[in-house]
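These numbers come from a predicted model, not from an experiment.
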Amino acid sequence: MLKYLLRKTLTWLIVIFLATNVAYLLAATFLDPRSNYAGRRPPLSSDQIDRILTPLNLNPETPLLERWWTWLSGILFHWNWGTSPLGDPVNAQISYRIWVSAQLLLMATLLAVVIGVGLGVYTASRQYKASDRLWQGVSIVTMNTHVVVASLLVVALALKINEWTGTRVFYVTGAPSSSRDEGFFPWLINTFQHLALPTISLLIISYASYHLMQRTLLLDNLSADYVRTARAKGLTRQKAIRKHALRTSIIPVATSVAFSVPGIFTGAVMTERIFAWNGMGQYFIETITKNDVNGVVAVAAFGALMVAVSAILADLVVVALDPRVRVS
């Protein structure tokens with residue numbers, strides 16, 4: 001297992017290195033940091049802009065290979081991912097915004113998986129009954145609901161609750177503002193007040209895919225020979241599901257969850273914009289609009305790293321759940 005993990009890790013590191021370098025070359029070729037100074041009043045001359053961008057290694061007049069080597073050596077020898085055209089360090093932005101996106105999306109992802117898989121098992125064990133048809137209908141509707149619509153409905157309901165109670169139960173915008181220095185319970189309450197609405201919005205649109213996938217896979221496995229044999233030996237339908245069919249059918253769902261890791265950390269762009277969370281999704285949009293070469297490449301590199309982590313996690317999950325699979 002250790003040799004397998006080392007080999008996979010080395011392979012993915014090579015892929016990440018190549019993908020990141022390609023991303024830099026593309027970004028440095030097509031993005032124009034000079035545009036950030038086009039609307040200045042009084043206007044800046046070309047020489048003034050060059051004097052600003054050259055120390056930042058963002059001057060398009062500098063040969064591309066020279067800029068690339070300066071950028072790469074800064075990462076390899078100093079772990080410095082550069083600065084934005086306005087002078088903001090990319091390292092500081094990334095380290096802050098990763099945590100913001102993780103707060104926003106981690107809980108929503110965990111709840112979506114637990115609720116989706118639970119509903120999948122529940123409805124599969126009651127195939128074609130009223131409860132199965134009801135939850136299928138609800139999931140189909142929510143799965144086809146846009147996150148903007150779900151967010152607006154949740155916000156409208158939260159504002160009504162705040163109005164009815166006469167106090168601010170939910171915060172509509174912004175990340176948690178208190179720290180643990182103020183006490184654990186005040187911090188916990190403040191975090192819940194800020195996280196509740198975006199978490200519910202993301203949960204509404206994301207649980208249904210796990211529900212329908214788990215239901216379909218479980219029903220397929222219920223007709224397999226090993227499950228029919230277990231039923232013939234006297235197991236009830238529910239016991240056959242729990243002891244035999246569920247373990248096999250949950251493998252594709254677990255793999256899907258593992259590959260959702262990049263989404264957890266790179267952020268949900270629309271949700272962050274609606275609820276004013278300055279996470280990775282919002283940062284990615286800002287780097288594109290500001291022609292921030294170093295910021296765009298850092299986000300791309302982090303996304304590639306998360307894909308690699310997801311691929312390794314998916315392999316480990318399959319090995320853990322399926323005894324027929326062995327890692328050579």
Side chain proximity check, L44 to I52, heavy atoms < 4.5 angstrom: yes

Inter-residue atom distance L203.CG - L111.CG, 0.5 Å rounding: 6.0 Å

Minimum heavy-atom distance between A158 and L197, given as atom pair plus value: CB-CD2, 3.4 Å

Test log, rule side chain to side chain donor-acceptor pair (under 3.5 Å), inputs S249 and N221: CA-CA 7 Å; S249 64; N221 280 280; 4.5 Å; no

Value rounded to 0.5 Å, distance of CG in L219 from CZ in R215: 5.0 Å

hydrophobic_cluster_shared for V155 and V149, side chain cutoff 4.5 Å: no

H146 and I205, any side-chain heavy atoms less than 4.5 Å apart: no

N36 side-chain N/O to K290 backbone N/O, donor-acceptor pair under 3.5 Å: yes

Side chain to side chain contact (heavy atoms under 4.5 Å, CB included) between F170 and I161, intermediate numbers included: CA-CA 8 Å; F170 300 106; I161 293 175; 3.9 Å; yes

Verdict with supporting geometry, N294 and Y24, side chain to side chain contact (heavy atoms under 4.5 Å, CB included): CA-CA 8 Å; N294 294 324; Y24 178 84; 4.1 Å; yes

Qualifying residue, where the test is side chain to side chain contact (heavy atoms under 4.5 Å, CB included) with N278 and the options are E272, R97, R273: R97

Interatomic distance, N59 atom CG to R67 atom CZ [nearest 0.5 angstrom]: 7.5 Å

Exercise: identify the closest heavy-atom pair between A23 and A300: CB-CB, 4.2 Å

Exam field: side chain Q48 to backbone S45, donor-acceptor pair closer than 3.5 Å: yes

Pairs flagged by side-chain hydrogen bond (donor to acceptor under 3.5 Å, both in side chains) wherever residues 8-21 is involved - sequence neighbours left out: K8-D315, N21-W68

Test item: N162 side-chain N/O and V169 main-chain N/O as donor-acceptor pair under 3.5 Å: yes

Test item: T142 side-chain N/O and S139 main-chain N/O as donor-acceptor pair under 3.5 Å: yes

Residues L31, D292; criterion side chain to side chain contact (heavy atoms under 4.5 Å, CB included); working and verdict: CA-CA 7 Å; L31 296 181; D292 183 358; over 6 Å; no

Trace of the side chain to side chain contact (heavy atoms under 4.5 Å, CB included) decision for L58 with R34: CA-CA 9 Å; L58 294 172; R34 287 175 170 273; over 6 Å; no

Heavy-atom check, side chain of W79 versus side chain of N91, under 4.5 Å: yes

More than 12 heavy atoms of other groups within 6.0 Å of Y37 OH: yes

Atom pair CG (L106) and OG (S260), whose distance is rounded to the nearest 0.5 Å: 9.5 Å

Same cluster (ILVMFWY, side-chain, under 4.5 Å), L76 and L305: yes

Euclidean distance, L218 CG relative to S125 OG, rounded to 0.5 Å: 8.0 Å

Y210 side chain reached by I115 side chain, heavy atoms, under 4.5 Å: no

All ring-ring contact (aromatic ring centres under 6.0 Å, His included) counterparts of W135, not counting sequence neighbours: none

Expected output: side-chain T216 to main-chain M213 donor-acceptor under 3.5 Å: no

Within one Ile-Leu-Val-Met-Phe-Trp-Tyr cluster: L316 and F259, side-chain cutoff 4.5 Å: no

Results of side-chain hydrogen bond (donor to acceptor under 3.5 Å, both in side chains) for T199 - residues two or more places apart only: none

Nearest-0.5 Å distance, CD1 of residue I98 to OH of residue Y283: 10.5 Å

Q103 (side chain) donor-acceptor with L195 (main chain) under 3.5 angstrom: no

Shared hydrophobic cluster for V22 and V15 (ILVMFWY, side-chain gaps under 4.5 Å): no

Shortest non-hydrogen contact between P85 and P33, atoms and distance: CG-CB, 4.0 Å

Closest approach of T173 to A276 (non-hydrogen atoms, all atoms of both residues): CB-CB, 3.9 Å

